2 protein chains.
Amino acid sequence: MPTTTKDHPSKRPQLSRERVLGCALDLADESGIAALTIRSLAEAMGTKPMSLYHYVANKDEILDGIVDLVFSEISLPSPGGDWRAEMLRRGHAVRSALKRHPWAVGLLESRTSPGPATLRHHEATLATLRAAGFSIQLTAHAYALLDSYIYGFALQEAALPFDGPDTAAEITTPIVQLFSTGQYPSMVEIATEHVLKPGYDFGDEFDFGLDLILDGLAQRLAGAGG
Amino acid sequence: MPTTTKDHPSKRPQLSRERVLGCALDLADESGIAALTIRSLAEAMGTKPMSLYHYVANKDEILDGIVDLVFSEISLPSPGGDWRAEMLRRGHAVRSALKRHPWAVGLLESRTSPGPATLRHHEATLATLRAAGFSIQLTAHAYALLDSYIYGFALQEAALPFDGPDTAAEITTPIVQLFSTGQYPSMVEIATEHVLKPGYDFGDEFDFGLDLILDGLAQRLAGAGG
DNA sequence: TGGCTGTTTCGTACATAGTACGCTACGGTT
DNA sequence: AACCGTAGCGTACTATGTACGAAACAGCCA
C-alpha cells in the first residue's frame, strides 16, 4: 500500500521543545517530580524516549526548562509603582506559583542556570525596589529576605502531609493522641488549640509573615532617609 | 538479644544502625546527597550493599535518619530565658547546621516523618515562645515565619554556585559581562556595586533578615498586650 | 521520476540505581 | 549433637539516563 502521507499524520501534534517542556511540567504537576522520567514523558507524548533528545540536550535541561516555565507564570512587578503593594502582590504570585507546582521549590536548590523568565523576574523585582528609593545595600538585603521567606514557606508547605483548610485534622489527630502522653506538651497545645481548629489552613500564616517583613523594610527604608 | 560478644577480631568495627547513619551523613557531606547510594555507602563502610538492610528498612529510612542527625546537632533553646536571645541563637544554630549539611534542606521537602531529635527541637522552640508570653496564635505565626526564613535562606545559600567571602567574583564576573549589554541593568548594578565588592559574603545577609523578623515579632508581642 | 541529503524518530544496549530472595557462617542453647 | 537466630552476602530483577547508529521521512535538484 503506497502511502503518500506518513503513518500518523495528525495523531501526534509534532514534537517541539516547547511541547516537551510543557508536557514535562504537566506530568510533574500530576504525578510528582519523581515520576517525571524520560520514558514516562515520552509515553505521555505518544513517542519514544530517544526522540526527546532532539529537542533537549538531557534531563537537566528539562528540569531547568520547567523551572523557568514556572517563573514565566508569575506576572512581573512594575518599577515605579507603590513598592509595598508591588512586593505584596509579587509575594502572593510567587507563592501561588510554587503552590501550583510544589516540586519547583525542590529544584531551586539544584538548578544554578536561570532561564530568561527567571532573569526577567529578578530584574523587575530589583528594579522596583531601586525605583522606590531602596539603596543598593538595602535592595540586596530586602531581596534576600523576601525570597528566603517565600521559598522557605513554600518548602514547608510542600513538606506538609496535608493541604488546604481542615484537611490537617485527619492526619494530625492520631499523631496528637500518640503524643498526648506528655513528651511534647507545647506541640500538642499548638496542635489542639490552633491547627485542629475548624478552618485552619497553614497557608493563612503566609500573610502574617509577609506583612511583618514589609513593615520592617518600610521602617528601614524610612530610617535610612530614603 | 544476645549482646554478649564484644570483640570480633575483625578489621571492621561491626555494623550497627548508628554506624550506618553516621557514615551516610559523612558520605553526604563529602560527596553530596546524590552520591549517597546504598552501594557507595556499603563500600565506604567496607561491606556489601545488602548487609545494610539488616539495620535500616530502606533508603528512605536512611534519609530520615540523617535529617534527624542534623537536628540532633542543634542545641535546644531554653524555655524561660530571654526569648529574643534564644531565638537569635537558635536561628544561627539552625543555619550553621544547614550550612554544614547543605543537602539537608533539600530533604526537608520530601521527609514527612520527623525523628526524635527533630521533635525535641520543635518542642523546645515552641515552649520557649510560649513561656515568653506569646499567644498560641502568635507562636504559630512566629514559628512558621522564623523557620520559613531560615530554611529559605539555607535553600538559597545551597543553590549558590559560590561559597564564602570573595568567591563570588570568579563566578559572577563573566556573567555580569555577558549582561552588561543592558538587558538587566538592575541585576548588573547590584552585582557590580554589592556582590562583587571585596569581602562580600551572601551569608552576611542572614543577620539583617533575622533581626528584622525578631523586631517585628517583639512589636507584635508588645502590641498584643504581652 | 529518481536519487541525494539533512532532519526527525526510534531500536538496541549499557551503566548504575534500589532492593527482593535465599544461601552461608557462626555463636549460643538445649 | 541437633537446632536456631542473627549478621552478612551473592545473585538477579526492574527502572533509570543516555550513547550509538539505523530507519523513516521531507525537501530539493537532476
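All of these numbers come straight from a predicted model, not from anything done at the bench. Note on naming: letters A, B, ... go to the chains in the order of the sequence lines (proteins, then strands), and numbering restarts at 1 for each one.
- The shortest distance between the side-chain N/O atoms of S51(A) and the OP1/OP2 oxygens of dT8(C) is not below 4.0 Å.
- Put simply, Y53(B) has no side-chain N or O that comes within less than 4.0 Å of OP1 or OP2 on dG8(D).
- In terms of modelled atom types and a separation under 3.5 Å, the side chain of T173(A) and the main chain of E170(A) share no donor-acceptor contact.
- The separation between L52(A) atom CG and dA19(D) atom C1' is 15 Å, rounded to whole Å.
- The distance between atom CG of N58(A) and atom P of dC20(D), rounded to the nearest whole Å, is 14 Å.
- As rounded to whole Å, 17 Å separates atom P of dA23(D) from atom CE of M50(A).
- Atom CD of E61(A) is separated from atom C1' of dG17(D) by 15 Å (rounded to the nearest Å).
- Using a 4.5 Å heavy-atom threshold, the side chains of D147(A) and R90(A) count as touching.
- Considering only the side chain of L15(B), dG8(D) comes nearest among dG8(D), dC21(C), dT18(D).
- Considering only the side chain of R39(B), dA12(D) comes nearest among dC10(C), dA12(D), dG8(D).
- Neither OP1 nor OP2 of dT16(D) sits under 4.0 Å from any side-chain N or O of K59(A).
- Between dT16(C) and T37(B), no contact under 4.0 Å exists linking OP1 or OP2 to a side-chain N or O.
- Distances shown here put a side-chain N or O of Q14(B) below 4.0 Å from the OP1 or OP2 atom of dG8(D).
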Practice item. In sequence, state the C-alpha distance, the side-chain angles, and the governing distance for Y143(B) and H122(B), and then conclude on ring pair (Phe, Tyr, Trp, His ring centres under 6.0 Å). Key: CA-CA 9 Å; Y143(B) 203 17; H122(B) 289 149; 5.7 Å; yes

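- Rounded to an integer number of Å, the gap from NZ of K48(B) to P of dG18(C) is 17 Å.
- Taking atom OH of residue Y55(B) and atom P of nucleotide dT6(D), one finds them 12 Å apart after rounding to whole Å.
- The nearest whole Å value for the distance from the CG atom in L27(B) to the P atom in dA17(C) is 11 Å.
- The residue among I38(B) and H54(B) whose nearest nucleotide of DNA chain C is located toward the 5' end is I38(B).
- Across the protein-nucleic acid pair, M45(B) atom CE and dA7(D) atom P stand 14 Å apart, rounded to whole Å.
- In terms of heavy atoms, V176(A) sits closest to A191(A) at CG2-CB, 3.6 Å.
- Electrostatic pairing of D68(B) and R111(B) does not count as a salt bridge here, judged by no charged N lying under 4.0 Å from a carboxylate O.
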